[in-house]
Amino acid sequence: MAERSEFALIRHYLSHLGANRRDVTLGVGDDAAVVVAQGQSLLMALDTLVDGVHFPSDLSAYWVGHRALAVNLSDIAAMGGEPCWALLSLTLPDVDEAWVSAFADGLGALAARHGVAVVGGDVTRGPLSISVQITGRAPATPLRRDGARDGDRVWVSGHPGDAMGGLSVWQSAVHRHQARWRGLRRAFLAPQPRVALGQALTGIATAAIDISDGLAADAGHIADRSDVAIDLSTLACRPSSRLRQWLGEAPAVDAQLGGGDDYELCFTAPASADDAVLSAARRSRTPVRRIGGVGIGAGMTCDGHPIADAATGYRHFER
Ligand SMILES: Nc1ncnc2c1ncn2[C@@H]1O[C@H](COP(=O)(O)OP(=O)(O)O)[C@@H](O)[C@H]1O
Ligand SMILES: Cc1ncc(C[n+]2csc(CCOP(=O)(O)OP(=O)(O)O)c2C)c(N)n1
Ligand SMILES: [Mg+2]
């Protein structure tokens, strides 16, 4: 295994475990698996949060709870599905009732808003970490990472990079509570999974992914899985003005391409579907922008150049 990354571990050791079942429509490699149970297509995904890795240790328990479910809802959103049932595994260093109560409020409020029932889980003692497994209903044609085609346009929702900016606002004792940076702070604290947009894009988008590791890295997964090249345009995807004010012009571009934690959707659609995409965005009340194009070839570029090292995205084992 030449490359030392979570992706290499998954590819080499974890992607073909267990039985080969005919009712698995889509296994490892997308935002969620698609399985068929009694004629119904279901989506399954799981993501974990580790204290100090996925959230700062002083983040309030309410927002940790919100985040634990939001990152999973985002995977269902990226498949165009309807989230329904969740399992929650909670590993805690100690019994801290106030913490668990606030955590439950944050997770419960987001679950209620999205019509999700938490139907079970597990509680153990150890370093603070949270896993949520989510199951949802799949649309007739789930959005996958492997459907982008030469000539498609690349789109993104929201303002990638703002969440990374918000994390650095949170980590700055001087700026954390300043009203001026409230919008950035919220972009990190309170990610809003784009479930309605994902659903509205089914039958329109050719591929989709949610942005957890960084826009360029995650668009790169669409390129790899679809066997195409993707070029992003810096003119089309200028970072938000609040991010440019907080970080400065060039670091804001790096954060936008490589920051991560956005939980926005990056998706592709043919040029003939521009109006349909804009109408899906309006119906789901979600801002979207065209940020690039799909071509023949492989890999990611930005304005025709390789993506800068500073913007290649989050890797668990390479820092
Ligand atoms: N331990 C594992 N065993 C089997 N499959 C895994 C494991 N970890 C990740 N995967 C799968 O590998 C793919 C990539 O994972 P990841 O980068 O975590 O995706 P995501 O950003 O959608 O959470 C997903 O399809 C995921 O289900
Ligand atoms: C304290 C802290 N430091 C750094 C980050 C940035 N960060 C941590 S993990 C991550 C990537 C997303 O996590 P991952 O486990 O790769 O999620 P997945 O791709 O499986 O959805 C990012 C951007 C953070 N959220 N919190
Ligand atoms: Mg994951």
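All values below come from the heavy atoms of this structure, side chains included, with hydrogens, waters and symmetry mates left out. This structure is a prediction, so every number in the text was calculated from the model and none was measured.
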Residue pair Trp246, Asp162: steps toward the side chain to side chain contact (heavy atoms under 4.5 Å, CB included) verdict: CA-CA 10 Å; Trp246 169 245; Asp162 280 13; over 6 Å; no
Residue pairs fulfilling side chain to side chain donor-acceptor pair (under 3.5 Å) with at least one residue in residues 70-87, sequence neighbours excluded: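 Checked against side chain to side chain donor-acceptor pair (under 3.5 Å) - neighbours excluded - the pairs reaching residues 70-87 are Ser74-Asp210.
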If hydrophobic clusters are built from ILVMFWY residues whose side chains come within less than 4.5 Å, do [X] and [Y] share one?
X      : Y      : result
Ile134 : Leu90  : yes
Leu49  : Phe188 : yes
Ile211 : Leu189 : no

Look at the side chain of [X] and the backbone N and O of [Y], then say whether any donor-acceptor pair between them is shorter than 3.5 Å.
X      : Y      : answer
Glu97  : Val95  : no
His66  : Pro191 : yes
Ser168 : Gly165 : yes
Arg244 : Pro239 : yes
Asp262 : Gly161 : yes
Arg194 : Ala77  : no
Thr268 : Ala207 : yes
Thr202 : Leu143 : no

Do NZ/NE/NH1/NH2 and the carboxylate oxygens of Asp261 and Arg67 come within less than 4.0 Å?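 Salt bridge: yes.
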How many angstroms lie between [atom1] in [X] and [atom2] in [Y], if you round to the nearest 0.5 Å?
X      : Y      : atom1 : atom2 : answer
Leu215 : Gln256 : CG    : CD    : 6.5 Å
Arg145 : Met79  : CZ    : CE    : 8.5 Å
Leu43  : Ile76  : CG    : CD1   : 4.5 Å
Cys302 : Ile230 : SG    : CD1   : 12.0 Å

Gln199 vs Ser284, test: side chain to side chain contact (heavy atoms under 4.5 Å, CB included). Steps then yes/no. CA-CA 9 Å; Gln199 289 174 359; Ser284 57; over 6 Å; no
Let's go through His316 and Tyr314 carefully: what are the C-alpha distance in whole Å and the side-chain angles of both, what is the deciding distance for side chain to side chain contact (heavy atoms under 4.5 Å, CB included) to 0.1 Å, and is it a yes or a no? CA-CA 7 Å; His316 282 281; Tyr314 191 89; 3.7 Å; yes
Sequence neighbours excluded and cut-off under 3.5 Å, please list the side-chain donor-acceptor pairs for residues 104-132, or say none.
{"unit_1": "Thr124", "atom_1": "OG1", "unit_2": "Thr91", "atom_2": "OG1", "d": "2.9"}
{"unit_1": "Ser131", "atom_1": "OG", "unit_2": "Thr48", "atom_2": "OG1", "d": "2.7"}

Who are the side chain to side chain donor-acceptor pair (under 3.5 Å) partners of Trp170, not counting sequence neighbours?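 Trp170 satisfies side chain to side chain donor-acceptor pair (under 3.5 Å) with Asp58 only.
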Can His159 and Leu243 be said to form a side chain to side chain contact (heavy atoms under 4.5 Å, CB included), step by step? CA-CA 9 Å; His159 300 282; Leu243 187 63; over 6 Å; no
